[in-house]
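Since we're looking at a predicted model, the values are computed, not measured.
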Amino acid sequence: MGEFVKEGVQKEAEVMSKRTTMYVVRHGETSWNNSHILQGQTDTDLNEVGIAQAIKCQEYFSTIQKIDAIYSSDLKRALKTAETIAKK
């Protein structure tokens, strides 16, 4: 019985080491966000606050050992946020 428990613990450790962590980040602020205007698919740029927010995210994510992938919308505000976070 002891050997069976030991094997179970080892298998659990293997599963734990293969877990995926996913982070979801919203794009930084735009002037439209600040004015409470819904953007939808309108392709607006980040404003200065949004750029600073993206940089803060980049600083946080740079402390994480490994990020395998970053996915983003092709809208400028989302892409700029993702590109800023991706910088090392």
Peer 1: Under a 3.5 Å distance rule, please check whether Ser35 uses its side chain to pair with a backbone N or O of Ile37 as donor and acceptor.
Peer 2: no
Peer 1: What distance do Lys66 atom NZ and Thr21 atom OG1 have between them, rounded to the nearest 0.5 Å?
Peer 2: 12.0 Å
Peer 1: Looking at OG1 of Thr20 and CG of Asp68, how far apart are the two atoms once the value is rounded to the nearest 0.5 Å?
Peer 2: 8.0 Å
Peer 1: For Asp43, what residues pass the salt bridge (charged side-chain N to carboxylate O under 4.0 Å, His left out) criterion, not counting sequence neighbours?
Peer 2: none
Peer 1: Tell me whether Lys56 at atom NZ has more than 12 heavy atoms from other residues, nucleotides or ligands lying less than 6.0 Å away.
Peer 2: no
Peer 1: List the residues meeting ring pair (Phe, Tyr, Trp, His ring centres under 6.0 Å) with Tyr60, not counting sequence neighbours, and say none if there are none.
Peer 2: none
Peer 1: For Gln41 and Leu75, work out which heavy atoms get closest and say how close.
Peer 2: O-CD2, 3.5 Å
Peer 1: Just checking Ile64: does its CD1 atom have more than 12 heavy atoms from other residues, nucleotides or ligands closer to it than 6.0 angstrom?
Peer 2: yes
Peer 1: Compare every heavy atom of Lys87 with every heavy atom of Gln58, then report the nearest pair and how far apart it is.
Peer 2: NE2-O, 2.6 Å
Peer 1: Checking Glu83 now: which residues fulfil side-chain hydrogen bond (donor to acceptor under 3.5 Å, both in side chains) with it, not counting sequence neighbours?
Peer 2: none
Peer 1: Applying ring-ring contact (aromatic ring centres under 6.0 Å, His included) as the test, list every pair that has at least one member in residues 62-88; sequence neighbours left out.
Peer 2: none
Peer 1: Please enumerate all residues that pass side-chain hydrogen bond (donor to acceptor under 3.5 Å, both in side chains) together with Asp74, with sequence neighbours excluded.
Peer 2: none
Peer 1: Where is the tightest heavy-atom contact between Thr44 and Lys76, given as atom of each residue plus distance?
Peer 2: O-CB, 4.0 Å
Peer 1: For the OG atom of Ser72 and the NZ atom of Lys80, what is their distance to the nearest 0.5 Å?
Peer 2: 12.0 Å
Peer 1: Any chance you could measure Glu59, atom CD, to Ile85, atom CD1, to the nearest 0.5 Å?
Peer 2: 11.5 Å
Peer 1: With rounding to the nearest 0.5 angstrom, report the CZ to CD1 distance, Phe61 to Ile70.
Peer 2: 8.0 Å
Peer 1: Can you give each donor-acceptor pair under 3.5 Å made by side-chain atoms of residues 47-54, sequence neighbours left out, with the distance rounded to 0.1 Å?
Peer 2:
unit_1: Asn47; atom_1: OD1; unit_2: Val49; atom_2: N; d: 3.1
unit_1: Asn47; atom_1: OD1; unit_2: Gly50; atom_2: N; d: 2.8
unit_1: Asn47; atom_1: ND2; unit_2: Glu29; atom_2: OE2; d: 2.9
unit_1: Asn47; atom_1: ND2; unit_2: Thr30; atom_2: O; d: 3.4
unit_1: Gln53; atom_1: OE1; unit_2: Glu29; atom_2: N; d: 2.8

Peer 1: Any side-chain to backbone donor/acceptor pair from Thr81 onto Gly28? Under 3.5 Å, distance only.
Peer 2: yes
